[in-house]
Amino acid sequence: MKSLKQKYCIVGVGNTAYGKNPGISQIAHNVLAIRAALEDAGLSAQDLDGVLTKAPTSTFPMLWGPKIAEALRIQPKVTATLDQAGASNIGLIQYAISAIEMGQAEVIAISYGDNPRTGTRASYARPRGDDALAGLFGAPSSYAMVAKRHMHEYGTTNEQLANVAIAHRTHANMNPNAQFQELFTVDDYMSSRWVAEPFRLLDCCPVSDGGAAYIITTEEKAKELRALPVYIEGIGQAHPSWDFYRRPELATSGAKIAGKMAFESAGLQPTDVDFCEIYDCFTIVPLISLEEYGFVNKGEGGSFYEEQRTHIGGELPCNTSGGLLSETGMPGTQLVVEAVRQLRGEGENRQVKDAEVGLVSQQGGIMTTHATMLLSNQGVHQ
Amino acid sequence: MNEPAIADKFAAFEELIPPLTDLNAPYREALSRGELILQRCKSCSSYQYPFESFCYECGSTELEHKISLGQGSIYSFVKVHQPYHSAFKPFIPYTVATIQLDEGPRLLCAMLELTTEVEIGDRVTPRIERITASESMLTYELEGS
């Protein structure tokens, strides 16, 4: 795997208010988040050579990147919209690095914004084509099918799933911008209503309005800017691709291959990682992700969470701002934003002590796509 | 000829019938006669569902239809409590299973009106329910029930 040699940095992050945000359009969430990220970096929209975006989940507009560029009053050299669902926001960083490497751009904004909470969300529970008569609607039922298989193969329990939701909520409780901050217990979880067994309501991320963005540039440019640069150490992708129920193995994801790629590219090991921001649209996903990355053995993700080893202060804090389950159900851009804040020491009362290396894990569809990124603040603690 | 009887609770599924295409028409006609058919590749003998104009295994476009007994086992399942669509409301909570067919393909299928709990690995068999005069839907039940 070719090393990125710390040539590329994230120099600005921004977001809008998460949760219920009436009156803010999809494009406004993107533009407000990008403008906040530019402000954070000490840059202006005119400094941007590129605008990359993931299409809103609730609708699928054409030429979305150019529309955002227009709303920023720029005509960029590089623009694209990537269709990798929840893994798009790391895939877009890879595209940004390619554009910079080819000399087409120096400063690129990447954004996501949508308003399914207060706008339309019809696409969230649409029947799945020929499968509609099978009675499978929406993502929760499909992920529940994965969870059931994981429980069957490894003995994972509902109590362990509860502990995933609780760990991330514990962190959201320290995040004033989280959509859900109220603490709950395993008993509360057990009495929340079933959605699709083995999932209860608290196994599922909320539907959320919100926008998040970050600015990518070179190390040289980053040194001119005011924010502490966060280095992109490694990126990996792997896409299981097939309709989930037809895959040879159901209780796995692309994390194994994507993770290996990212670690090799970075020259790092799982033991070097100080914290993780893991795509947690449903409680089963972080368990499988930790297993596939090699932080724990296959089937031990549940007990790892149950023993609270993923709490801030524990050996591998996960989802320090609450993740999709509690901070915002948006598809992943916010996980990069939080990782950058942690590495800049801006985590406030949820700061992971001496955080130097963070892993961001994204996946989309029904574990159809996967991307992994390793970030560091190399040099800060030297 | 008498029209086949349609239970009211199944008539509501008409809204969920996907558009008729050249590819799915033979499957739908077979189901309406009370038979399940799969595609089989004349070149590599793989079975496949859903239907396509080529074989996913080898790429051949020479495919034939084969009647299947539809027997298989449960690979995974969920029990749906959320009323996503009104047609399924009378059956809540209902089961949706990933069925591993003996012929090889996996399919997603509703298991309605189950009287016992199901488990992964349980043997299952098709139960075809009539929706309209010309359309039926595939559901599954436990073998021997």
Side-chain angles (χ1 to χ4, degrees), chain A residues 121-156 158 161 191-204 207 241-252 282 284 288 366-367, chain B residues 10 12-21 23-24 27-28 31 48-51 56 74-85 87-89 91-101 104-112 117-121 128-129 131 135-140:
Chain A
R121 63 173 115 161
S123 70
Y124 277 54
R126 68 192 179 280
R128 297 168 53 85
D130 284 352
D131 294 335
L133 281 169
L136 200 81
F137 305 92
S141 312
S142 303
Y143 276 94
M145 193 82 82
V146 173
K148 185 71 191 176
R149 186 71 202 179
H150 195 273
M151 291 167 134
H152 173 77
E153 290 183 23
Y154 303 106
T156 299
N158 281 104
L161 295 180
S191 56
S192 79
R193 69 177 170 85
W194 289 117
V195 175
E197 290 181 55
F199 281 168
R200 298 177 182 278
L201 189 62
L202 289 171
D203 287 295
C204 309
V207 174
S241 299
W242 302 9
D243 241 341
F244 74 97
Y245 62 91
R246 283 198 285 268
R247 283 176 216 150
E249 298 284 331
L250 196 51
T252 63
F282 299 94
I284 189 65
I288 292 178
I366 313 302
M367 311 213 299
Chain B
F10 285 103
F13 286 101
E14 185 174 3
E15 208 179 298
L16 288 174
I17 297 173
L20 197 65
T21 64
L23 279 173
N24 69 20
Y27 169 84
R28 302 256 289 266
L31 213 55
Q48 78 179 18
Y49 178 87
F51 289 11
Y56 269 63
I74 296 178
Y75 180 75
S76 191
F77 69 95
V78 299
K79 202 191 262 189
V80 180
H81 291 253
Q82 182 93 356
Y84 288 109
H85 191 276
F88 282 95
K89 260 187 191 164
F91 302 97
I92 284 175
Y94 62 92
T95 295
V96 182
T98 298
I99 311 283
Q100 175 67 62
L101 292 176
R106 284 194 203 141
L107 49 85
L108 283 176
C109 200
M111 300 183 76
L112 307 172
E117 295 292 320
V118 300
E119 288 302 334
I120 288 175
I128 295 169
E129 303 284 1
I131 303 175
E135 294 281 355
S136 293
M137 69 186 273
L138 180 65
T139 73
Y140 265 81

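Protein chains get the first letters and strands the later ones, always in sequence-line order, with residue 1 at the start of each. Only this structure's heavy atoms are used, side chains among them; waters, hydrogens and symmetry mates stay out. Everything numeric here is computed off the predicted structure, so don't read it as measured data.
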Taking side chain as C-beta onward, heavy atoms only, is [X] less than 4.5 Å from [Y]?
X	Y	answer
B:L108	A:D243	no
A:V195	B:Y84	yes
A:R246	B:P50	yes
B:Q82	A:R193	yes
B:K79	A:W194	no
B:P18	A:L133	yes

Output the distance between atom [atom1] ([X]) and atom [atom2] ([Y]), rounded to the nearest 0.5 Å.
X	Y	atom1	atom2	value
B:H81	A:F199	NE2	CZ	13.0 Å
B:T98	A:K148	OG1	NZ	12.5 Å
B:I120	A:M151	CD1	CE	10.0 Å

Give, as side chain, backbone, both or neither, the part of [X] having an atom under 4.5 angstrom from any heavy atom of chain A.
X	value
B:Y140	neither
B:A97	backbone
B:F13	both

* Asked: Which atoms of A:R247 come close to chain B, meaning under 4.5 Å heavy atom to heavy atom: side chain ones, backbone ones, both, or neither?
  -> backbone
* Evaluate side-chain contact (heavy atoms from CB on, under 4.5 Å) for B:V96 paired with A:S141, printing each intermediate quantity in order. => CA-CA 9 Å; B:V96 182; A:S141 312; over 6 Å; no
* Evaluate the ring planes of A:F137 and B:F88, with Trp represented by its six-membered ring, and classify them as parallel (under 30°), tilted (30 to 60°) or perpendicular (over 60°). => perpendicular
* Asked: If every non-hydrogen atom of A:P198 is compared with every non-hydrogen atom of B:V78, which pair is closest and at what distance?
  -> CD-CG1, 4.5 Å
* Asked: Would you say the side-chain atoms of A:R149 pair up with the backbone N or O of B:S76, donor to acceptor, closer than 3.5 Å?
  -> no
